[in-house]
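Note sheet for the following structure.
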Amino acid sequence: MEGKIRKAKEHIAETLEIPSDVILDLPRIIITSNKEITIENHKGIIKFEEGIIKLNSKMGIIAIEGKDFEIVFMGGNTLTLKGRFKSVVYEGYDKV
């Protein structure tokens, strides 16, 4: 049933030319160089440690590796981080 609803939402987004991240509540990641990342539509911080940050999202876990992390902005479902980023990886659900 959920698959049908998702397909219907995808069709509506495509037909109305609305970005799918808005309709489907998908994470949107904006990376500026290797110094700033903004993640929209996340579902919460799972881990914030030296060298790694993990966020929950509708698509599963998003892992960000690097160093010197600093939260610049956190509000609603948006998070902006500064630091020196090495990688951004979608881990999926099986590693929760």
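Sequential numbering from 1 along the given sequence is applied to the chain's residues. Every value quoted in this text rests on a predicted model; they were computed, and no experiment measured them. Values below: all heavy atoms of this structure, side chains included; hydrogens, waters and symmetry mates excluded.
Taking CD of E49 as the start and CZ of F69 as the end, the distance is 10.5 Å to the nearest 0.5 Å. Atom CD1 of I71 and atom NZ of K82 lie 13.5 Å apart (nearest 0.5 Å). Taking CD1 of I52 as the reference point, atom CD of E65 lies at 4.5 Å (rounded to 0.5 Å). Distance check, rounded to the nearest 0.5 Å: CD1 of I37 to CD1 of I30 gives 11.0 Å. I53 contributes atom CD1, which lies 4.5 Å from atom CG of L81 (distance to the nearest 0.5 angstrom). Taking NZ of K47 as the reference point, atom CD1 of I64 lies at 13.5 Å (rounded to 0.5 Å).
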Applying side-chain contact (heavy atoms from CB on, under 4.5 Å), run through T78 and I39 and close with a yes or a no.
CA-CA 6 Å; T78 301; I39 300 108; over 6 Å; no
Go through H42 and I62 one step at a time and tell me if the side-chain contact (heavy atoms from CB on, under 4.5 Å) criterion holds.
CA-CA 9 Å; H42 71 87; I62 302 169; 5.8 Å; no
Given the rule in the side-chain contact (heavy atoms from CB on, under 4.5 Å) test, do E50 and K67 qualify, once you have shown the distances and angles that lead to the verdict?
CA-CA 6 Å; E50 183 64 36; K67 62 182 180 178; 4.0 Å; yes
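Partners of D68 by side-chain hydrogen bond (donor to acceptor under 3.5 Å, both in side chains), not counting sequence neighbours: none found.
Just one residue in the list N77, N56, L55 forms a side chain to side chain contact (heavy atoms under 4.5 Å, CB included) with K43, and that residue is N56.
Hydrophobic clustering (ILVMFWY, side-chain heavy atoms < 4.5 Å, transitive): F85 and Y90 are in one cluster. Hydrophobic clustering keeps I45 apart from V89 (ILVMFWY residues linked when any side-chain heavy atoms are closer than 4.5 Å, directly or through intermediates).
A donor-acceptor pair under 3.5 Å is absent between the side-chain atoms of N41 and the main chain of R28, judged by distance alone.
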